[in-house]
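Below, each value reflects all heavy atoms present in this structure, side chains not excepted, and no hydrogens, waters or symmetry copies. Owing to the predicted nature of the structure, the values given are computational and were not obtained by experimental measurement. Sequence lines set the chain letters: A, B, ... in the order given, protein chains first and strands last, and positions in each chain run from 1.
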Amino acid sequence: MLFWTLTAAVLVTVTGFLSLDAPLFGDRAIMEFDPVALFAFAGLMLASILTVVLHRKRMISMILLGVVGLLISLGFAKLSAPDLALTQLSVEIVTVVLIMLALFFLPQYTPLTSSRWKQTRDAIVAAVIGLGVTLLTLAVLTRDLSPISDYFLKNSVSGGGGTNVVNVILVDFRGFDTLGEIVALSLAGLGVFSMLQRMSLHASLNDHAGRPWNVDERSLILQSVARLLFPLMLLFAAFVFLRGHNLPGGGFIAGLIASLAIVLQYLANGITWMSSRIRTNMHLVIAIGLAFAIGTGMVSIFLGYPFMTSAFTYLKWPGVGKFEVASAMMFDLGVFLAVVGATVMILVELGKINVHKVATGDSKKGES
Amino acid sequence: MEILVSISIGVMAACGIYLILRAHTFPVVVGLTLLSYAVNVFLFSMGRLKVGAPAVISPEAVTYADPLPQALVLTAIVIAFAMTAFVIVLALKARDELGNDHVDGKGEQLTDTEEAGL
Amino acid sequence: MIHWVFLPVLLPLIGGLLQLVLRHKGLSFQRTLGLCLTSALVILGIKMLLLAQTGETFVYHLGNWPAPFGIVLVLDRLSAMMLMLTSLIACAALAYASARRVDEKGSHFHVLFQLQLFGLNGAFLTGDIFNLFVFFEVLLLASYGLVLHGSGKKRTRAGLHYVIVNLLGSTLYLFAVGALYGAVGTLNIADMAYKVSVAPAERSGLIAAAGLLLLVVFCLKAAMFPLYLWLPRAYANTSAPVAALFAIMTKVGLYAIIRVHGTVFGDQAGNLASLHMPWILAGGLITILLAAMGVMAARGLSEQVAYLVLTSVATILIAVGLNRPDALAAGLFYLLHSTFLAAAFFLLADMIKDARGNAADSFETIVQPQCSKWLGLGFFFAAVAMAGLPPLSGFLGKLMILDSALKHSWGWTVLGIVLTASLLVLAAMVRSGSFLFYRPTQLPVEENPQTGKSPKIAPLLIMGSLLAVSPLLVLFAGKATTYTSKTATQLQQVSEYIEDVLESQVKGGTESQK
């Protein structure tokens, strides 16, 4: 089914392009590249290709995936997208934690079941699509753009009250997209929760070669460092949240950092220890986040304006000076809470899979 | 620079697609992640590439990068993460339902618990 | 007046939040709340129809930013029709789920249901192509949760397949949207239509490639060949009320094709006009044949109904692909008919499954079901309507489509294929009907038919009310066809759509900037 989808996509797109007899590339000048970029690019290529070549060794391929993600984050930073770099970095870290938790219950190796013919066929399709995507990208990049974003750049400060245009687009100009996005994230969290309710998987004490995964139950270094980092990470999350409207940052990144802070504690101290200390039900956090986001939008309805019309003003605080107060910040707070709730819910529920086996006196490996 | 970015998108997409076409769920997940990286960089580059011109309004800035694709990519990254989390847990559930309780880490009997039937 | 357009999106969103927060109050509270919410949606649907009847296009500017810079919701006849359809099916599906206690089998059924409606209504109202992507993701994620509701090996397998195929589809969607933005520089559908019409000729190849890639994604959602295999697997293996609600899901793909491609590649696009039409027509024709064969080869009633859904979607694709306003109007009429029928049929299949006890709905064992009188009658009506026999609405719809097809250059091919497919479907329905309800004397019979349960009144009534739409559509055919042909005409007038959206004013503003 996937094969046919991809083949259909390629065939239809190529036929459509060729039927119009238009040139593939335009004539916009392209930029030079510097040696550092070339080096990073080479690293990215190597990591991607190795991910494929070594894909049957799952742990290694996961690490290489992390390398690809980090190099992309650097690429975003170089190409003038600091918000994206931060988001990619945080999502990368959360994804790695997620895959690690899942790999705990999955076998460490993928068996070889495809025949030579299938491998070749798939490689050809993949190569054709890769080539097609490259050509498509170049076809666009060699042409000029007169986008609608000039409006955003012009009106970001006067209409939205912030200098970080990307963030203003996310919470103000196109805030409805962001609302849909946090609903999607919440749905994923709820779906994961539902699925994990009845699951009981067994995790092995040893790896594939029979060596035990660890000898100590908890890593003392991780516990001590995590304890020190917790307040710092939360403070950093608050900092990133507050500066988001005017400098790179914002609700998403802050939410991901805060959830990583909490998940780090679970990783260091174990589920049972943490569950007696953090009793907040993550469903409530998600609900409050969604309520803030929707509520902020509703306020403008009660005032007669369409949903999510924003307003901002400047206050003078003694000692601090001029401080911006924007309704978009309440919306961003809703986004923050929803992200924290959903991410922590997903990761902690995954970590809880084996806990009941510990209660029955089974492996000590149960807590993750 | 455009050439580097285009080739990297192409290579990541090709690697992702090859992995997706493997029949087992874990490579499919890794492949989907690689493919989503490729599409994120693609979407971002649609705003044309600029170095050293972040979309933060300041008096010293000469030019700005296109902020709209960046906002779109941010949304896409978060949605892709939500989907990845869902599909990973679903893969675990599929494994659970097929009743493979005795994975002892040595010489695992992998039947087609991982076949996603794609 | 101004906020009415937004309410069909806001109500299920708040509903979902309420269901999440109040779930500790127990299932009966959630059921009552859910039914109140869906009934309110039905009333909203009627209001939307009344608004759209005036022929005006209503534009709602989210965030009070002018189009094309902000996101807009657009209400016209097509959107109003889809909203009404969704709310009626949702009401029936929720009522059935509550009556048959399907919502007890997992957690969060009601939250997922409400948020699914949020995604659906948003997709039907939005006028922005990236916002459409976000709403697609919302409705897909909710649907993943609903498909997997309950448990079972087959369900999980089918769910895994469904999820992965749609993840690939979403990635392709992003490629297409990115390429379109890179080519024309905007995300608003109306603005895109305008920019495509004035784009320089050297970009037309790029725009065509991007547009067709987007078409592939919508065809994946609409289950067109060769992207249709996910549908029978997912729909046949999930619970009945979810399958009934999913009768709308394929229509989202169809709606997207009509809305996005119909507007962007409409008549004003120059040499890119109607780019997608030949593909849809050819794809629809192939799909209907393959789906009809699937109907014949199905081994159980649920699977058969899933393939029947495929045939009806393929018929609508053919109607759209004929690229004529009368065909489009006929296709919309058929869309109304087939959605109600498909939902009713899934509910019926579920009740038959229950009535046959251990034999479930498979065509391999012969069991006399409990209460076969009412179930058999329901099956008879549903089969007649689905196969397109007179006097029910299937016949009327097909007749109008074929009538308009004759004026197309491929007319005789279309006629031949559609009629062959209908014949195959009819034969298959006759066979299943006799399998399920008649007992031939020489074949062995299950010794204990008592394992079946007779259906209760409430589910029968719900299913019956959905089935009753078919004769109602025939009785009120005049009104229905007037509405659909006015819709088709409105859809053809792309330049008016562009003008209405781009020149609409924000609250407290003067002329919009362009």
Side-chain angles (χ1 to χ4, degrees), chain A residues 1-2 4-9 12-24 26 133 136 139-141 143 145-148 151-152 159 172-177 180-181 183-184 187-188 190-191 193-195 197-198 283-284 286-287 290-291 294 300-301 304-310, chain C residues 2-3 6 10 13-14 17 20-21 60-65 68-71 106-108 111-112 115 118 122 130-131 134-135 137-138 141-142 144-145 148 151 165 168 172 179 182-183 185-186 201-206 208-209 211-213 215-216 220 226-227 229-230 271 275 279 507 513:
Chain A
M1 172 92 227
L2 291 181
W4 293 114
T5 315
L6 292 165
T7 327
V12 170
T13 321
V14 170
T15 320
F17 177 77
L18 292 175
S19 71
L20 262 112
D21 203 22
L24 180 58
V133 170
L136 182 64
V140 174
L141 289 178
R143 294 182 158 96
L145 179 69
S146 54
I148 55 175
Y151 179 84
F152 299 131
D172 197 341
F173 292 111
R174 295 186 66 96
F176 199 55
D177 269 346
E181 176 187 352
V183 172
L187 278 169
L190 292 174
F193 181 84
S194 287
M195 283 196 284
Q197 287 306 86
R198 270 159 263 256
H283 284 104
L284 189 61
I286 294 180
L290 286 175
I294 301 173
S300 49
I301 288 191
Y305 284 87
F307 188 72
M308 287 189 78
T309 310
S310 65
Chain C
I2 176 177
H3 295 297
F6 182 59
L10 184 62
L13 179 59
I14 295 188
L17 185 59
L20 179 61
V21 169
Y60 188 78
H61 301 95
L62 288 159
N64 209 27
W65 299 106
F69 310 109
I71 299 175
S107 22
H108 298 316
V111 184
L112 291 171
L115 291 175
F118 166 65
F130 191 79
N131 199 225
V134 174
F135 274 117
E137 297 309 297
V138 170
L141 267 167
Y144 300 158
L148 291 166
S151 54
V165 166
L168 183 62
L172 288 177
T186 181
E202 61 100 29
R203 273 189 205 215
S204 51
L206 178 60
L212 285 175
L213 185 57
L215 186 68
V216 171
L220 173 65
L227 310 163
L229 281 169
W230 61 269
N271 62 339
L275 178 71
W279 294 100
K507 172 119 192 218
Q513 297 93 335

Between [options], which residue shows the highest count of heavy-atom pairs closer than 4.5 Å to chain C?
options                             : value
A/Thr7, A/Asp177, A/Thr13           : A/Asp177
A/Leu6, A/Asp172, A/Leu136          : A/Asp172
A/Phe193, A/Phe17, A/Trp4, A/Phe173 : A/Phe173
A/Ala8, A/Ala287, A/Gly191          : A/Ala287

Is [X] in contact with chain A via its backbone, its side chain, both, or neither, using a 4.5 Å heavy-atom distance?
X        : answer
C/Ala201 : backbone
C/Leu215 : neither
C/Phe118 : side chain

Please give me the minimum heavy-atom distance between [X] and [Y], naming the atom from each residue.
X        : Y        : value
A/Phe307 : C/Tyr60  : N-OH, 2.9 Å
A/Pro306 : C/His61  : CB-O, 3.0 Å
A/Ser310 : A/Gly159 : OG-O, 4.3 Å
A/Tyr305 : A/Thr309 : CB-OG1, 3.5 Å

Quick one: which of [options] has the most heavy-atom pairs under 4.5 Å with chain A, could you say?
options                               : value
C/Leu62, C/Val134, C/Leu213, C/Val111 : C/Leu62
C/Leu220, C/Leu172, C/Leu206          : C/Leu206
C/Val138, C/Val216, C/Ile71           : C/Ile71
C/Gly63, C/Gly145, C/Ala209           : C/Gly63

| Quick one: does A/Leu190's side chain get under 4.5 Å of C/Leu20's, heavy atoms only? | yes
| request: Would you indicate whether the side-chain heavy atoms of A/Gln197 and C/His108 approach each other to under 4.5 Å? | output: no
| Do the ring centers of A/Phe176 and C/Phe130 come within less than 6.0 Å of each other? | no
Contacting region of [X] [heavy-atom separation from chain C under 4.5 Å]:
X        : result
A/Ser300 : neither
A/Ile301 : both
A/Val133 : side chain

| task | Would you check if the side chain of C/Trp230 reaches a backbone N or O of C/Leu227 as a donor-acceptor pair within less than 3.5 Å? | result | yes
| Side-chain donor/acceptor of C/Tyr144 to backbone N/O of A/Leu187, under 3.5 Å | no
